[in-house]
Amino acid sequence: MNHLQTGIEKITDIKVDSTVFDEAGEIIRKGGLVAFPTETVYGLGANGFDADACAKIYEAKGRPSDNPLILHVADRAMIDKAATVTEMAERVLAAFAPGPVTVILPKRDEVPSSVTGGLTTVGVRMPDNDIARALIRAAGVPIAAPSANRSGRPSPTTAAAVFADMDGKIPLILDGGPCRFGVESTIVDCTGERAAILRPGAVTREMLAEVLGELAPPPVVGEKDAPLAPGMKYTHYAPLAPLTLISASRKKKYEAFCAAVREATEKGKRPGVIVSRELAEELATLVPARHIAVYGDAGDVPAMAANLYESLRYFDDVDVDVLFADTIEEKGLGVAVMNRLKKAAGGRMLFID
Ligand code: TXA
Ligand code: MG
């Protein structure tokens, strides 16, 4: 499956471009892979009932095969083909589907165990993206899809980022423009007594608590990096240059970045920074413009989420040796953003106060 010609189809209107979906649906049905946009990140899809097709996903990503895949469905009825929907999941789906949430459910026998990494449970999600759901409908089966990056790389939030990682490995990428949220779905285990968040995302703990009441407590400090979703134990989201996070109050931020940049430069290393527009302006005299990635205005958490992975990937082709990134408060969507940033940084964080 190497050396395929990888096509990119820009989709402007799912009705106008309906022949593309006929083609894409056929690729999936015949056991091939299609990358597609969702509201979170781009997915790398295969027929979720076809173990051989799903094996191609692991091969294209270079992903360990014990790391389970999420099944994507077009509507509520399709979930019944793959899983037993618990009462708890029913409430989550009623409130947030289609949307950036994955529910973990007892799997049905039709789902190959290679899709679930041998687990008896399966993750199911209904993406809030017309292109994704049109593809699933055209295929007529749930689509198993991880994020469409090479294993260990930042998730792709644009078709160009998918192409950078998957060129020659898959036949088709559906281009739906940049993803709205930019961080992967919230994963909620709905198989136990109380719902547990296995991975934070845009559907926040507070939002889930409103429909579920009390949730299982978040992992306590110290256990924070314990793998909950099996895939979370692997190195994730890493940029090519090592990343360090800088945690400082608004007042001390500028000084903290200056110090980090100066120290790196003295050691002969070229630093890059991922910062707010305001901080970028302050650092302009110290750091060349192409060594600065701006995620948005200071405190704009949705913008930081949406631009995080592109900011990391921006530095793939820029001559930097070390990276420093701004941090935000861990509440609401900020929990998901900081979770991904900490993983990208492999835990390296400077605290300045
Ligand atoms: O937003 C998303 O969820 C994106 C888009 C493409 O839908 N997908 C995504 O897939 O992030 P992936 O494969 O990169 O991450 C799936 C995570 C992994 O950490 C995996 O271990 C976990 O979900 N997972 C899948 N099935 C599971 C299960 N049965 N129990 C616990 N964790 C599971
Ligand atoms: Mg992923």
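Whatever order the structure lists them in is the order used to number ligands and atoms, beginning at 1.
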Novice: Using 4.0 Å as the upper bound for N to carboxylate O, is an ion pair formed by K267 and E263?
Specialist: yes
Novice: Looking at ligand 1, would R63 count as a contact under a 4.0 Å heavy-atom criterion?
Specialist: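 True for this residue.
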Novice: Just jot down the ligand 1 atoms closer than 4.0 angstrom to any heavy atom of E184, in number order.
Specialist: 1 (O), 2 (C), 11 (O)
Novice: Run the numbers for me: atoms of ligand 1, each under 4.0 Å from some heavy atom of S185, listed by number.
Specialist: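 Taking each heavy atom of S185 in turn, ligand 1 has 1 (O), 2 (C), 3 (O) under 4.0 Å.
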Novice: I'd like to check which ligand 1 atoms, numbered from 1 as shown, lie under 4.0 Å from a non-hydrogen atom of S147.
Specialist: 8 (N), 9 (C), 10 (O), 12 (P), 14 (O)
Novice: Is a donor from one side chain sitting under 3.5 angstrom from an acceptor on the other, for T102 and S185?
Specialist: yes
Novice: Do the charged groups of R290 and D319 touch, with an N to O distance under 4.0 Å?
Specialist: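 Yes.
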Novice: Between E184 and R125, does any NZ, NE, NH1 or NH2 come within less than 4.0 Å of an OD or OE carboxylate oxygen?
Specialist: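 So R125 does not pair with E184 through a salt bridge.
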Novice: Do ligand 1 and Y42 have nitrogen or oxygen atoms that lie under 3.5 Å from each other?
Specialist: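 So ligand 1 has no N or O lying under 3.5 Å from an N or O of Y42.
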Novice: Listed by chain and number, what are the side chain to side chain donor-acceptor pair (under 3.5 Å) partners of R76, not counting sequence neighbours?
Specialist: D80, E90
Novice: With heavy atoms of G43 as the reference, note each atom of ligand 1 found under 4.0 Å away.
Specialist: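 Selected atoms, number and element: 6 (C).
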Novice: Testing the basics here: between V92 and C190, what is the closest heavy-atom pair and its distance to 0.1 Å?
Specialist: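 Looking at all heavy atoms of both residues, the closest pair is CG2-SG, 4.3 Å.
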Novice: Using a 3.5 Å cut-off on N or O atoms only, is T121 in polar contact with ligand 1?
Specialist: yes
Novice: Using a strict cut-off of 4.0 Å, indicate which atoms of ligand 1 neighbour a heavy atom of L119.
Specialist: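 Atoms satisfying the 4.0 Å criterion: 28 (C), 29 (N), 30 (N).
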Novice: I'd like to know if R91 pairs up with E87 as an ion pair, taking the criterion as any Lys NZ or Arg NE/NH1/NH2 lying under 4.0 Å from an Asp or Glu carboxylate oxygen.
Specialist: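 E87 and R91: salt-bridged.
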Novice: Taking all non-hydrogen atoms of both residues, which atom of G268 and which atom of D321 are closest, and how far apart?
Specialist: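 Here G268 and D321 meet closest at O-OD2, 4.3 Å.
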Novice: Are D326 and Y295 close enough that a side-chain donor and a side-chain acceptor fall under 3.5 Å?
Specialist: yes
Novice: When you measure from the heavy atoms of I104 to every atom of ligand 1, does any distance fall below 4.0 Å?
Specialist: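 It does; at least one heavy atom falls under 4.0 Å.
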Novice: Numbering the atoms of ligand 1 from 1, which are under 4.0 Å from a heavy atom of N67?
Specialist: 18 (C), 20 (C), 21 (O)
Novice: Between K107 and ligand 1, find which residue part has any heavy-atom pair under 4.0 Å and reply side chain, backbone, both or neither.
Specialist: neither
Novice: Can you sort out the partners of T285 under side chain to side chain contact (heavy atoms under 4.5 Å, CB included), two or more places apart, ordered by chain and number?
Specialist: none
Novice: Mind checking whether T116 contacts ligand 1 via backbone (N, CA, C, O), side chain (CB onward), both or neither, at a 4.0 Å heavy-atom cut-off?
Specialist: neither
Novice: Can you list the atoms of ligand 1 that are under 4.0 Å from a heavy atom of L198?
Specialist: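 By the 4.0 Å cutoff, the relevant atoms are 31 (C).
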Novice: Can you list the atoms of ligand 1 that are under 4.0 Å from a heavy atom of I187?
Specialist: 17 (C), 22 (C), 23 (O)
Novice: Tell me, please, if N149 has any N/O/S atom, main chain or side chain, under 2.8 Å from the Mg ion (ligand 2)?
Specialist: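 Checking the Mg ion (ligand 2) against N149, no N, O or S atom falls under 2.8 Å.
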